[in-house]
Structures are given as C-alpha cells and as structure tokens.
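Okay, so here's the structure we're looking at.
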2 protein chains.
Amino acid sequence: MTANLDRCEIRSVDPEKVELAKKRLLDDEVYAGLAETFAALADSNRAKIIYSLIGQELCVCDIACVVGVSESAVSQHLRILRTLRLVKQRKEGRMMYYSLNDDHIQTLLGVCLEHVRHG
Amino acid sequence: MTANLDRCEIRSVDPEKVELAKKRLLDDEVYAGLAETFAALADSNRAKIIYSLIGQELCVCDIACVVGVSESAVSQHLRILRTLRLVKQRKEGRMMYYSLNDDHIQTLLGVCLEHVRHG
DNA sequence: TTAATATATGCGTATTTGTTAAAATGCCAC
DNA sequence: GTGGCATTTTAACAAATACGCATATATTAA
C-alpha cells in the first residue's frame with residue numbers, strides 16, 4: 001500500500017524514530033518465519049503436546065493417550081511441530097519417539113507460561 | 001473424546017510414563033492461554049510491530065509508518081497485543097504511545113528469532 | 001473543527017482441526 | 001519368505017471458523 005506510505009511520511013510524528021526503526025527492520029521472510037513458528041505453538045493441543053515432552057520422550061501412541069486425542073490427530077500435530085523443528089523424532093522398531101528439539105522450545109513455553117500466569 | 005481414552009489405556013506403550021505425564025499436566029485453561037498468546041504473535045505484521053517497539057516507544061501513526069499498513073489496521077493489531085498484555089500504552093495529549101509491556105515479550109521474540117535463524 | 005486513535009461492521013479469503021480410510025513400515029510367528 | 005498385526009503417516013474431505021483489512025463511524029483531546 002504505497003498510498004499509506006506516502007501519507008505516512010507526511011503524517012509521521014517523529015520522522016527520525018521512524019527512519020531508525022525502518023532501518024532496523026529485518027527481512028520480511030524473518031517475520032514470516034517468526035509468525036509461522038508462533039502459529040505452530042498457537043494451539044492448545046500442540047502446547048499440551050510440547051508440555052508433555054518436557055524432560056522425556058514419548059511415542060505417538062502415548063502422546064495421544066496423555067493429550068486425549070486420536071493418534072492420527074497427534075501425528076498431524078507432530079508433523080507441524082517437526083516441520084518447524086520444534087520436536088525431533090527417533091525411530092525404534094515400529095515406534096516413533098518424539099522429544100523437544102532443543103532448549104529454545106522449552107524456553108519459549110516457559111517464558112510464555114510465566115507471562116500467562118503472572119502478568 | 002472418551003472413546004480415545006479408553007482405547008488409549010489399552011494401547012499405551014508405557015503406562016507409567018503416561019501416568020506421570022498426565023499428572024504433570026496443567027489446567028486446560030493454561031494451554032488455552034498459551035495458545036492465545038502465541039496466536040497474538042503468529043502474524044507477520046504484529047511480529048514486525050513488536051520488533052519495532054524493542055527499545056523505544058512509538059505512536060500509532062509512526063508504527064503504521066514503519067510497518068507499512070493503515071493506522072486502523074495497526075490499531076486493531078495493537079488492541080490484540082494489548083489485550084494479551086504484550087504491549088502497554090501511554091497517552092500524551094491525543095497521541096497514544098505504545099511500548100513493550102515487559103521483558104517477556106522481548107525474550108519470546110529473541111528466542112524465536114534465534115530458532116528461526118539457526119536451527 | 002481538526003487531529004489522533006479506537007471501534008464497529010462487513011467481506012472475501014484462507015486456514016484450521018479432526019475424522020475416516022488407506023497406505024507405509026516394521027515386527028513376529030510359522 | 002509369507003501373512004498378519006501393530007504403529008505411524010498420509011490423503012481426502014468436511015465443516016467451521018477465524019482472519020486481516022478496508023470503510024465508516026465514534027471517541028477524545030487540542
């Protein structure tokens with residue numbers, strides 16, 4: 001929307017701040033990536049899945065059991081989390097064990113949990 | 001889905017782990033809150049808004065200018081972020097200045113950014 | 001009145017989760 | 001090996017709903 005930009009340059013209250021902020025901006029793909037990752041966490045069941053995986057690995061079947069949804073649904077949730085590298089998998093026989101991919105995830109969940117609980 | 005639960009108790013591979021994980025589970029509202037908060041971050045423009053607010057406060061007009069969307073759209077995004085206490089506002093005359101509510105937000109964005117960039 | 005922001009409403013689109021069924025994959029008995 | 005069973009994954013489909021934005025109107029302050 002170039003119209004807005006034009007209008008904005010006129011209307012901006014503090015052009016210096018605006019210029020500075022614009023320079024600091026990252027590539028658009030980065031925000032898209034951030035949004036995509038946050039979106040993967042923006043589901044109750046997926047949040048619950050991740051929470052269940054803190055400190056232990058679980059197979060699909062047991063995750064379904066803990067969270068209380070069908071195995072198919074769990075598998076599809078896990079695919080989303082896997083695609084964004086939030087969880088990793090380990091195959092053992094016909095079982096697939098899932099665990100958190102790294103500490104980022106636990107931190108994200110922990111910080112957000114803190115925010116949700118106490119302002 | 002009680003049907004799944006029944007089936008699950010039979011099918012669970014490691015009942016002890018499952019029991020343990022179930023006990024550790026939080027109230028459902030917590031996961032809903034987590035999901036809601038993450039959902040607020042799960043939008044490119046909102047992520048960009050938050051990123052713009054790191055280290056400085058900006059008025060609605062300037063945010064619109066930086067991010068490149070209409071002021072109305074920005075205002076609506078800000079309402080979402082405000083509702084979830086991700087940003088706070090300060091009124092000065094007829095201007096409304098927004099800033100990050102606390103360090104949680106910056107941490108969330110920072111950790112997620114790290115994850116998006118390097119695995 | 002005008003400026004700055006907020007809210008209401010509507011629209012078109014897109015996305016979402018979950019179910020069912022089928023398909024891979026691996027194990028085991030025989 | 002073959003057949004059968006268990007575990008997980010994928011595909012296709014449905015319904016619902018959620019989303020972001022624009023337009024217009026309302027609020028609040030100068």
Side-chain angles (χ1 to χ4, degrees), chain A residues 1-5 7-8 10-14 18 28 31-32 35-36 38-49 57-65 67-84 87-99, chain B residues 1-5 7-8 10-14 18 28 31-32 35-36 38-49 57-65 67-84 87-99:
Chain A
M1 218 119 322
T2 58
N4 275 323
L5 292 176
R7 191 172 160 224
C8 192
I10 298 173
R11 291 204 48 204
S12 76
V13 169
D14 191 332
V18 170
D28 276 353
Y31 301 109
E36 210 182 356
F38 282 127
L41 300 165
D43 176 82
S44 299
N45 280 335
R46 282 197 293 272
K48 203 188 278 193
I49 288 175
E57 65 173 15
L58 291 171
C59 66
V60 176
C61 173
D62 284 353
I63 295 174
C65 200
V67 175
V69 300
S70 77
E71 287 146 12
S72 171
V74 166
S75 188
Q76 290 176 81
H77 282 309
L78 287 170
R79 178 165 47 89
I80 293 173
L81 298 174
R82 202 193 326 136
T83 300
L84 293 162
V87 300
K88 64 186 174 199
Q89 52 188 178
R90 177 180 71 83
K91 180 175 270 184
E92 186 178 316
R94 58 192 130 173
M95 318 282 285
M96 190 72 85
Y97 285 95
Y98 280 87
S99 55
Chain B
M1 221 126 315
T2 58
N4 276 322
L5 293 176
R7 191 176 160 220
C8 194
I10 298 173
R11 290 206 46 204
S12 76
V13 168
D14 191 331
V18 170
D28 277 354
Y31 301 110
E36 212 181 354
F38 281 128
L41 300 165
D43 176 82
S44 300
N45 281 335
R46 283 197 294 271
K48 204 188 278 194
I49 288 175
E57 65 173 15
L58 291 171
C59 67
V60 176
C61 172
D62 284 352
I63 295 175
C65 201
V67 175
V69 300
S70 77
E71 286 146 12
S72 170
V74 166
S75 188
Q76 290 175 78
H77 282 310
L78 286 170
R79 177 162 48 93
I80 293 173
L81 297 174
R82 200 192 331 134
T83 301
L84 293 161
V87 299
K88 64 186 174 199
Q89 51 189 178
R90 178 180 70 85
K91 180 177 269 185
E92 186 178 316
R94 57 191 131 175
M95 316 282 287
M96 190 71 86
Y97 286 95
Y98 280 87
S99 55

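Quick note on labels: first sequence line is chain A, next is B, and so on, each numbered from 1. Scope of the values below: all heavy atoms of this structure, side chains included, with no hydrogens, waters or symmetry mates.
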With [X], which residues qualify under side chain to side chain donor-acceptor pair (under 3.5 Å), at least two apart?
X: D28(A); result: K48(B)
X: S99(B); result: none
X: S75(A); result: none
X: Y98(A); result: R82(A), Q89(A)

- Task: Indicate the atoms forming the closest heavy-atom contact of V18(B) with C65(A), along with that distance.
- Result: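 Nearest heavy atoms, V18(B) then C65(A): CG1-SG, 3.7 Å.
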
Rounded to the Å, how far apart are [X] [atom1] and [N] [atom2]?
X: E71(B); N: dC21(D); atom1: CD; atom2: C1'; result: 14 Å
X: L58(B); N: dT5(C); atom1: CG; atom2: C1'; result: 15 Å
X: D43(B); N: dC19(D); atom1: CG; atom2: P; result: 10 Å
X: L81(A); N: dT16(C); atom1: CG; atom2: P; result: 13 Å
X: E36(A); N: dT16(C); atom1: CD; atom2: C1'; result: 15 Å
X: D62(B); N: dT5(C); atom1: CG; atom2: C1'; result: 13 Å
X: Q89(A); N: dT9(D); atom1: CD; atom2: C1'; result: 10 Å

Could you tell me which residues satisfy side-chain contact (heavy atoms from CB on, under 4.5 Å) with [X], sequence neighbours excluded, listed by chain and number?
X: T83(B); value: R79(B)
X: K91(B); value: M96(B)
X: R90(B); value: E57(B), E92(B), Y97(B)
X: D43(A); value: N45(A), R46(A), H77(A)

Using OP1 and OP2 only, check whether a side-chain N or O of H77(B) sits under 4.0 Å from dC19(D).
no

dT7(D) phosphate, OP1 or OP2, under 4.0 Å from Y98(A) side-chain N/O: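 No, Y98(A) has no side-chain N/O under 4.0 Å of OP1/OP2 on dT7(D).
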
Rounded to 10°, the helix from dT1(C)-dA30(D) to dT16(C)-dA15(D) deviates from straight, judged by its five-pair end axes, by 30°

Its contact letters, B for base, S for sugar-phosphate only and - for none at protein heavy atoms under 4.0 Å, make nucleotides 22-30 of chain C read ---SBS---

Identify the pairs formed between an N or O of the protein and an N or O of nucleotides 10-12 of chain D at a distance under 3.5 Å, and give each distance.
unit_1	atom_1	unit_2	atom_2	d
dT10(D)	O4	S72(A)	OG	3.0

